[in-house]
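Side-chain atoms are counted along with the backbone in the values below, which use heavy atoms only and exclude waters and symmetry mates.
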Amino acid sequence: MSTNLTIGKAINAGLRRAMEADPKVLVMGEDVGRLGGVFRVTDQLHKDFGADRVIDTPLAESGIVGTAIGLALRGYRPVCEIQFDGFFFPAANQTFTQLAKLRRRSAGKVSVPVVLRIPYGGGIGAVEHHSESPEAYFAHTAGLRVVTVANAVDSYWMIQQAIRSDDPVVFLEPKRRYYEKAEVDTDAALESAAPMGRARIARPGTDATLLAYGPMVKTALQAAEADEERSIEVIDLRSISPVDYATVTESVRRTGRLVIAHEAPLSLGPGAEIAARVTEECFYHLESPVVRVAAFDTPYPQSRLEEHYLPDLDRVLDGVDRAFAY
Amino acid sequence: MSTNLTIGKAINAGLRRAMEADPKVLVMGEDVGRLGGVFRVTDQLHKDFGADRVIDTPLAESGIVGTAIGLALRGYRPVCEIQFDGFFFPAANQTFTQLAKLRRRSAGKVSVPVVLRIPYGGGIGAVEHHSESPEAYFAHTAGLRVVTVANAVDSYWMIQQAIRSDDPVVFLEPKRRYYEKAEVDTDAALESAAPMGRARIARPGTDATLLAYGPMVKTALQAAEADEERSIEVIDLRSISPVDYATVTESVRRTGRLVIAHEAPLSLGPGAEIAARVTEECFYHLESPVVRVAAFDTPYPQSRLEEHYLPDLDRVLDGVDRAFAY
Amino acid sequence: MSDTTAHDEPELVQLLTPDGELVTHPDYPLEVDADQARSLYRDLVLVRRVDTEAVALQRQGELGLWASLLGQEAAQIGSGRALRDGDMAFPSYREHGVAWCRGIAPRELLGMFRGVTNGGWDPDEHGFQLYTIVIGSQALHATGYAMGVQRDGALGDDGEAVIAYFGDGATSQGDTNEAFNYAAVNNAPVVFFCQNNQWAISEPLDRQSRVPIYKRASGFGFPGVRVDGNDVLATLAVTRAALQNAREGNGPTLIEAFTYRMGAHTTNDDPTRYRASAELEEWKRKDPILRLRTYLEKQGLADEAFFAGVDEEADRIGEQVRAECRALPDPGPLEIFDEVYAEPNVHIDRQRADFADYLASFEDAGAEGGR
Amino acid sequence: MSDTTAHDEPELVQLLTPDGELVTHPDYPLEVDADQARSLYRDLVLVRRVDTEAVALQRQGELGLWASLLGQEAAQIGSGRALRDGDMAFPSYREHGVAWCRGIAPRELLGMFRGVTNGGWDPDEHGFQLYTIVIGSQALHATGYAMGVQRDGALGDDGEAVIAYFGDGATSQGDTNEAFNYAAVNNAPVVFFCQNNQWAISEPLDRQSRVPIYKRASGFGFPGVRVDGNDVLATLAVTRAALQNAREGNGPTLIEAFTYRMGAHTTNDDPTRYRASAELEEWKRKDPILRLRTYLEKQGLADEAFFAGVDEEADRIGEQVRAECRALPDPGPLEIFDEVYAEPNVHIDRQRADFADYLASFEDAGAEGGR
Ligand SMILES: Cc1ncc(C[n+]2csc(CCOP(=O)(O)OP(=O)(O)O)c2C)c(N)n1
Ligand SMILES: Cc1ncc(C[n+]2csc(CCOP(=O)(O)OP(=O)(O)O)c2C)c(N)n1
Ligand SMILES: [Mg+2]
Ligand SMILES: [Mg+2]
């Protein structure tokens with residue numbers, strides 16, 4: 001059955017399907033129960049699966065991730081919602097020193113298949129701590145897989161893949177794109193979906209590669225459309241860790257130019273690693289240095305400044321121009 | 001007076017001098033009092049300055065940084081010891097969402113001159129969580145300054161500069177080098193010391209630039225010595241955020257090659273940003289892609305494997321070879 | 001849940017019954033003269049008006065968000081008025097009434113909700129720190145600050161005290177509990193003021209605590225007290241006593257102000273999704289303003305002219321808030337780079353300069369007739 | 001600090017006095033026959049021997065570190081023996097005695113301290129999770145696991161219970177307190193077992209808590225009890241009762257086992273820097289092994305042959321521990337990349353392959369006669 005779904009509703013539908021398929025799947029977090037989450041991503045799940053499987057937790061993120069680990073050790077597959085990106089940090093210890101390392105610590109005797117769902121990124125006019133892009137912290141941490149989505153189709157499938165994965169997965173949801181819609185064939189087999197580790201060529205092109213993920217994919221596609229002079233290939237990265245370098249370097253070798261756009265701050269953002277790595281692997285193919293278009297190295301500013309802070313269409317186009325200035 | 005000091009003792013002497021100079025300087029952390037810290041870096045301070053200025057805190061890192069912020073808001077200059085790198089994470093929320101952002105939040109009306117001293121890095125044969133190199137998490141966080149030391153002279157001066165700074169400073173101490181010695185002129189004026197933001201050319205050379213910081217500077221110098229064929233310039237970065245790109249790019253333009261060595265995991269480690277940035281700024285000067293020699297993207301392994309995990313002399317030399325393979 | 005809760009319903013310190021009757025409490029004697037009572041009433045009404053205006057401004061698109069204090073006026077004015085000049089308050093994000101008592105103009109609060117600043121007032125000038133959104137964080141800041149007060153030797157009868165505000169939900173956070181412990185171990189002069197408004201967004205109290213919140217304190221070794229947070233007199237008396245205790249060097253107290261969030265969590269929230277309207281109706285009968293007004297009327301401490309005067313003043317302030325909100329200047333783009341660091345920072349300076357050039361390129365392009 | 005501590009010295013549950021006299025406690029009846037008493041004695045002696053050997057092995061450079069349980073044997077054997085097969089324990093890093101009760105061979109513990117693994121035994125096989133070094137973390141894991149037990153419907157008289165071990169210092173951590181609260185709110189079948197050995201490295205108890213630790217529980221709404229941790233019988237009885245209470249669905253209990261760390265914090269530590277030797281002397285008189293031996297002797301429950309037999313067994317185990325430690329195989333370099341992820345990971349595979357090539361280059365070079 002093909003349904004027109006927003007990203008938010010597609011994640012909701014994916015969660016529902018995962019919960020139906022496996023009684024061990026739990027949903028937990030602040031306000032995920034009766035309210036259905038502040039973004040309604042868990043809407044109706046409490047009603048249909050009950051309070052034992054859809055758990056309104058105390059207001060304590062370390063507790064959410066820490067008890068999820070315990071539930072996973074007991075054989076459950078908890079899907080935790082961290083209400084906003086900026087409220088992940090109280091859970092940093094449980095995520096970085098426990099969740100990410102338990103498998104390795106146990107020499108593989110233990111799996112902790114926990115999913116952390118985190119609405120992330122800016123652009124919604126919010127107060128402080130509600131617009132962060134913390135993906136670099138996760139991607140720098142061995143033991144975690146980090147994925148993000150840019151459309152409803154991927155949202156529906158990738159949340160299910162994340163839940164099925166025996167690795168802990170940080171599932172980043174582009175909150176300002178929650179209402180973007182697409183047709184989703186919700187009856188297809190999970191196995192038929194593209195693996196969540198694979199990057200996707202969202203728009204083919206020949207003159208430069210424009211790489212984005214999550215909320216910036218839409219901006220990248222708009223930029224590619226807007227550029228009438230050059231043929232821009234757009235890659236939707238999907239997996240931030242590990243990065244699908246095969247797809248990325250194949251594209252860059254063809255186009256000779258790479259522009260990376262993300263909302264995370266520039267310095268030590270995911271673009272830094274991709275730029276360094278692609279330069280290593282495509283040194284003789286690059287006509288220009290890899291160009292990065294990112295947020296500035298400042299705290300996310302008050303919302304009246306966010307349109308300047310976030311890379312927008314113009315900044316991405318400016319980045320493309322810079323790539324062609326060499 | 002010139003004294004022969006280890007890095008550990010030089011930090012101790014610097015702390016003492018800062019406490020003598022300014023009654024608002026406090027030292028706090030787990031076991032920093034009577035014990036003088038597990039590495040004895042705060043040795044004797046409790047005896048000489050009393051329990052009000054050298055505070056044995058409860059075993060709670062969020063509490064250490066959180067109360068230090070409060071003390072700073074009251075006009076104090078707390079120097080917090082986080083006992084080991086791996087135990088920083090419970091303090092991540094206070095450090096990233098509060099300490100780093102309070103000045104900006106207050107539009108400059110508030111300063112939080114807190115120093116976080118963290119013994120970091122591996123190579124001491126320790127159990128898990130005692131050998132981490134978390135500098136990338138800090139360097140990706142706007143609002144923090146991140147510095148590290150490679151010798152006793154810098155240790156003595158930079159800890160004092162960090163304490164004087166009105167910005168929050170993460171002061172990373174290379175624990176496996178605590179016992180390295182040097183002559184320190186402890187009577188010189190603080191103003192005469194090189195600013196902590198400045199990189200240092202630790203060994204001049206002409207054929208390639210080898211950049212390291214903290215514990216890897218010694219290894220880098222050994223590698224440069226060991227390479228009899230090529231003239232390697234070694235840069236001791238000192239400040240990880242902000243990076244002194246003026247010094248780095250000047251060197252790379254001269255040598256045409258850059259090798260970066262650090263103990264932090266490769267992906268999204270500080271080397272990624274430096275590689276990306278230097279490539280942008282020195283695109284036409286680079287004879288080869290920037291080469292990174294780093295720890296692997298795995299959790300720090302059990303200690304019997306650390307000699308393989310940490311970049312050593314051979315791995316650094318291999319990196320230099322790779323730079324010349326282009 | 002076990003039946004631990006059921007057993008001992010906690011005693012609620014109350015000086016003014018919901019019917020506006022003055023009662024006494026052995027531990028919390030309070031003398032309020034007519035002037036004081038009227039002035040408390042005035043504060044309650046005015047902060048409610050500021051709040052109502054802010055909600056309306058949000059509806060009109062002038063604010064991005066607002067966290068209403070509706071129903072919590074007495075808890076805030078009572079505790080806020082208990083503070084002395086040298087005291088320091090560490091608020092959460094809903095303490096508009098306390099801010100009012102500390103002399104923060106409503107305009108300054110609006111800036112953050114409008115998105116033109118992230119806070120911005122001078123904490124030292126007002127004895128009122130910036131709003132803190134990450135739940136629990138400020139409890140540790142307050143405790144550290146109080147440790148500074150100790151080190152400054154600023155204790156004693158004329159000494160200084162510190163107060164930390166947070167909600168019922170916040171008591172679940174590790175930071176809040178660490179603060180309780182740091183304060184206890186250090187005997188720090190800090191009062192923990194928990195406004196238990198029964199809800200943390202959609203989660204009722206029983207998701208946060210198995211027992212009444214004030215009991216938490218005893219586990220850390222300091223006193224906890226539950227006060228009727230809709231009773232401005234009791235809140236004033238209990239907070240004053242706790243602050244005095246703190247400033248005299250006797251350490252922390254946890255005050256649980258039992259109150260109710262009569263509005264939505266914020267303007268983004270829709271409480272009909274998770275709570276019964278009957279509950280709200282019940283609490284409307286305990287309205288903190290009504291209660292004090294009844295008292296004033298019954299005792300003949302205020303006449304119609306007084307009430308009309310306060311309402312007029314509220315109208316004026318409402319108008320002023322609307323005007324000032326609209327007049328709040330937008331920040332300029334380059335302010336993104338301001339005050340990230342106290343000291344010169346080459347990296348930020350470079351990004352600022354590059355961005356200035358980038359912005360200027362549009363102006364040039366504009367001058368030349370488009371990009 | 002205020003004098004809250006001084007007031008009410010907590011009652012200590014004791015069934016065996018330091019002089020080896022059996023006493024009764026109304027709440028904790030315990031029947032121990034001679035066999036059981038002797039077997040407890042045997043465990044105490046054997047784990048102490050394992051510990052002594054491990055300290056020696058560290059001195060000889062065979063281990064990188066060791067955290068000695070000296071003095072805490074009764075707290076660990078008493079609580080460990082209270083566990084049933086299906087129960088799950090979440091240890092900190094010093095629970096060698098509990099590990100013993102759960103059937104973990106000493107060899108498996110040594111691996112982590114020797115640096116050949118980071119843990120490595122199978123938690124499910126033994127009902128004993130991996131050692132956890134980051135203080136407080138495991139309290140939340142235990143609570144979550146217990147929530148899983150609830151969801152599995154594994155409660156009731158024959159049900160399962162969970163126990164979390166941690167130290168006095170750990171009670172200051174946010175995570176530990178969050179665990180208390182999650183357990184309370186969810187009425188989870190978990191027992192929090194705090195070995196209060198009076199020290200957190202160099203910090204005495206008064207830096208961690210203003211009041212006795214068992215009191216913390218009441219603030220979260222569940223029972224706390226202080227037991228003489230050097231009394232193996234009392235610890236057994238109190239833990240058994242708490243576990244039973246948990247498995248029957250009555251929620252968490254906090255047990256404070258009052259004991260003493262007779263050795264250094266770890267082999268890296270030098271306690272003479274921070275504590276008086278008189279304190280140690282005093283606690284030596286309360287030695288948990290001595291106490292049980294006196295009881296066995298006085299009651300004629302064991303004879304010289306028994307004691308000699310246990311000592312001989314200890315000698316044998318000591319020898320075995322030494323031999324097995326030295327025989328622990330070193331991991332191969334490429335194991336760095338193992339089990340970082342459960343699923344195939346291109347990135348790790350690539351790093352592994354590159355490193356294998358790099359290592360091979362030396363072998364080639366070696367074969368060719370040098371780099
Ligand atoms: C660490 C953290 N997690 C989550 C949030 C999102 N959040 C904002 S307010 C709130 C509920 C707070 O409830 P309570 O402490 O009772 O205060 P109240 O809003 O009722 O005044 C939540 C979950 C946050 N601000 N900080
Ligand atoms: C989060 C964290 N901070 C610091 C440490 C370093 N550390 C290891 S043991 C210890 C003291 C623990 O004391 P306690 O909880 O009483 O347990 P004990 O060692 O006495 O058994 C400290 C500070 C750690 N392991 N984890
Ligand atoms: Mg509330
Ligand atoms: Mg201890």
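- In terms of non-hydrogen atom pairs under 4.5 Å with chain A, the most contact-rich of Asp338(D), Asp152(D), Asp175(D) is Asp152(D).
- Within a 6.0 Å sphere centred on CZ of Arg254(A), heavy atoms belonging to other residues, nucleotides or ligands number more than 12.
- Between Arg74(A) and Glu160(D) there is a side-chain heavy-atom pair separated by less than 4.5 Å.
- With a 4.5 angstrom heavy-atom cutoff, Phe180(D) does not touch chain A via any of its atoms.
- Both the backbone and the side chain of Ser106(A) come within less than 4.5 Å of a heavy atom of chain D.
- Across every non-hydrogen atom of Arg145(A) and Tyr341(D), the tightest pair is CG-CE2, 3.9 Å.
- Among the residues in residues 52-60 of chain A, those with a non-hydrogen atom closer than 4.5 angstrom to a non-hydrogen atom of chain D are Asp52(A), Ile55(A), Thr57(A), Pro58(A), Ala60(A).
- Here the side chains of Leu73(A) and Pro123(D) are not in contact, with every heavy-atom distance at 4.5 Å or above.
- The most heavy-atom pairs under 4.5 Å with chain D, out of Ile69(A), Thr67(A), Val110(A), come from Thr67(A).
- The structure places NZ of Lys109(A) at 13.0 Å from CD of Gln129(D), a figure rounded to the nearest 0.5 Å.
- The contact list for residues 97-119 of chain D toward chain A, using heavy atoms and a distance under 4.5 Å, reads Asn118(D), Gly119(D) by residue number.
- Heavy atoms closer than 4.5 Å to chain A are found nowhere in Val162(D), neither backbone nor side chain.
- At a threshold of 4.5 Å between non-hydrogen side-chain atoms, the residues Asp166(A) and Glu343(D) count as touching.
- Counting heavy-atom pairs closer than 4.5 Å to chain A, the top residue among Ile336(D), Asn181(D), Asp124(D) is Ile336(D).
- In terms of modelled atom types and a separation under 3.5 Å, the side chain of Tyr182(D) and the main chain of Ile64(A) share a donor-acceptor contact.
- In this structure, Gly148(D) and Leu71(A) approach most closely via the heavy-atom pair N-CD2, 3.4 Å.
- In this structure, the side chains of Thr132(D) and Gln98(A) come closer than 4.5 Å at one or more pairs of heavy atoms.
- Inspection of non-hydrogen atoms places Lys24(A), Leu26(A) of residues 20-29 of chain A under 4.5 Å from chain D.
- In terms of heavy-atom pairs under 4.5 angstrom with chain A, the leader among Val346(D), Val149(D), Thr143(D), Ile348(D) is Val149(D).
- Neither the backbone nor the side chain of Ala164(D) comes within less than 4.5 Å of any heavy atom in chain A.
- Note: Ser165(A) leads Ser165(A), Ser111(A), Ala100(A) in heavy-atom pairs under 4.5 Å with chain D.
- Heavy-atom distances place both the backbone and the side chain of Glu339(D) under 4.5 Å from chain A.
- Around atom CG of Asp357(D), more than 12 heavy atoms belonging to other residues, nucleotides or ligands sit under 6.0 Å away.
- There is no contact between Ala91(A) and chain D, counting heavy-atom distances below 4.5 Å.
- Nearest heavy atoms, Glu335(D) versus Arg104(A): O-NH1, 2.5 Å.
- Applying the 6.0 Å contact sphere to CZ of Arg151(D) captures more than 12 heavy atoms from other residues, nucleotides or ligands.
- To the nearest 0.5 angstrom, Thr97(A) atom OG1 is 10.0 Å from Ile133(D) atom CD1.
- Across all their heavy atoms, Val134(D) and Asn93(A) have their closest contact at CG1-OD1, 3.4 Å.
- Annotation: the span from Asn345(D) atom CG to Ser241(A) atom OG amounts to 7.0 Å, rounded to 0.5 Å.
- The side-chain contact (heavy atoms from CB on, under 4.5 Å) test applied to Glu281(A) returns Thr249(A), Arg253(A), Arg277(A), Arg350(D), not counting sequence neighbours.
- Heavy-atom distances place the backbone of Tyr131(D), and not its side chain, under 4.5 Å from chain A.
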